[in-house]
Amino acid sequence: MRETASSDELLAWYDRHAREMPWRVSPADRAAGITPDPYRIWLSEVMLQQTTVAAVKEYFVKFTTIWPTVNDLARAQDADVMAAWAGLGYYARARNLLKCARVVASEHNGIFPKTRVGLQALPGIGPYTSAAIASIAYDLPETVLDGNVERVMARLHAVETPLPTAKPELIALAEQHTPQTRAGDYAQAVMDLGATICTPKSPACGICPWRDPCAGRASGIAPELPRKLPKKAKPIRRGFAYVLRNSGGDWLLETRPDKGLLGGMLGWPGSDWSDAPDPAAPVQVEWNEVGAEVRHTFTHFHLILDVFCATSDVPPARGFFVSARDFRPSDLPTVMRKVHDVAKHRFE
DNA sequence: AAAGCGTGGTA
DNA sequence: TTACCAAGCTT
């Protein structure tokens, strides 16, 4: 085992193995003077928060096709952006995305701030994303610390302190490795390493560019790192969902409150989600129980929904009707799309 | 500062 | 089926 891991050998590995991504400028193009578009880097980094590259790709292409610049996005309707984000999850990101675009357009002349501090003052941009944009888009020597970097650093230095306690320690280590030049390529290189070689389970240490200096590999504990505090069990909650159509075939939907779970998203009227939900039907009609329950797991609880449907022209107490022509199940968050999936046959 | 906040893939 | 996991941020 050698004493140090150098950014140079990781960059050399990245030059050979960098993966293609729609928002990424290849090391070769960057060397040729092509610089990344900060708007596209920002958009991709927000989408990538707690989300896999595979899931993000199609959404990134969709967003950049509809809204090619931050000024275009700033002018978009809220409902259009939320519908376009549907299915990607963590919907506060979409609300903050639009807020951020509008601040950049109106207060920064459509140009993203060129410092980490300036970036982090914007909605939805935290410690990770500010460092990612600063380094990748502007080539500033800022250090990213995401789940990949945490894992790589914990293994490289055999840090046995469990997360999240270990975080400050891992930041300090990560900063020591960040080079003054090519910081953006370096940031992407560490994350690629974590995604493809230094993986959570069964890391491919044999082909790792940092295998020699890796203390975790030397002591044989690399696959067990980083250690983490145990997680809480998810409780089961229940609820009711109501799918109503009028005689014209329009669907009754509502926009959920801006805060909280699925905030700002379309959904079917329904009960609260709890141990003992209040049925809370949106209108007094003869409801038909669909029979098939909808099961869905959120970050912190399991949900079981009992789905009812009806056709009626009695005016509902809440919600609004969307014509069959305008209704697209893909505009709904996944749990609501599942409700539609089990209910739609009842209207055929 | 601990908890809330989605989803789909994988073992 | 269940549990874990992924380029985190906000309050």
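None of these values were measured; they are calculated from a predicted model. Letters go in sequence order (proteins before strands), and every chain restarts at 1.
- Residue-level contact check: A/I125 touches the backbone only, with heavy atoms under 4.0 Å from sugar-phosphate atoms and none from bases.
- Across C/dC9, C/dA3, B/dT7, the shortest atom-to-atom separation from the side chain of A/H302 is found for C/dA3.
- One finds no side-chain N or O of A/R93 lying less than 4.0 angstrom from the OP1 or OP2 phosphate oxygen of B/dT7.
- A/E150 places a side-chain heavy atom less than 4.5 Å from the side chain of A/K167.
- Nucleic acid contact class of A/G194 (heavy atoms, under 4.0 Å, all strands): none.
- In this entry the distance linking CH2 of A/W273 with P of B/dC5 reads 10 Å, nearest Å.
- Taking atom CG of A/L88 as the reference point, atom C1' of B/dG8 lies 11 Å away to the nearest angstrom.
- Not a single donor-acceptor contact under 3.5 angstrom links the side-chain atoms of A/Y128 to the base of C/dG8.
- Comparing A/V335 and A/K201 against DNA chain B, the residue whose closest nucleotide sits nearer the 5' end is A/V335.
- A/T129 comes within 4.0 angstrom of the backbone, heavy atoms only, and of no base.
- Within the nucleic acid shown, A/T51 comes within 4.0 Å of at least one base atom, counting heavy atoms only.
- Looking at A/V104 and A/I111, their side chains never come closer than 4.5 Å, going by heavy atoms from C-beta outward.
- A 6.0 Å sphere centred on CZ of A/R227 holds more than 12 heavy atoms belonging to other residues, nucleotides or ligands.
- Between the P atom of B/dG6 and the OH atom of A/Y59 lies a distance of 13 Å, rounded to the nearest Å.
- Residue A/K231 is classed as a sugar-phosphate contact, given heavy-atom separations below 4.0 Å to backbone atoms only.
- Residue contacts shown for A/R295 are absent, as no nucleic acid heavy atom lies under 4.0 Å away.
- Summarising the geometry, the separation between NZ on A/K232 and C1' on B/dA1 is reported as 12 Å, rounded to the nearest angstrom.
- The phosphate of C/dG8 (OP1 or OP2) has a side-chain N or O of A/Q50 nearer than 4.0 angstrom.
- The 5' end of DNA chain C is approached more closely, in terms of each residue's nearest nucleotide, by A/K234 than by the other of A/K234 and A/Y90.
- Taking 4.5 Å as the limit, every side-chain heavy atom of A/E254 sits out of range of all side-chain heavy atoms of A/L266.
- B/dG4 atom P lies 5 Å from atom NE2 of A/H300, rounded to whole Å.
- Mapping A/A195 and A/K259 onto DNA chain C via the closest heavy atom, the residue that lands nearer the 5' end is A/A195.
- Counting to the nearest Å, the P atom of B/dC5 and the CZ atom of A/R256 are 10 Å from each other.
- No contact: A/R95 has no heavy atom under 4.0 Å from any strand.
- A/M21 comes within 4.0 angstrom of a nucleotide base, judged by non-hydrogen atoms across all strands.
- Spacing of P atoms, B/dG8 relative to C/dC9, comes out at 22 Å, to the nearest Å.
- Here B/dG6 presents its P atom at 9 Å from CZ of A/F301, a figure rounded to the nearest Å.
- Rounded to a whole Å, the CG atom of A/L261 is 16 Å from the C1' atom of C/dT11.
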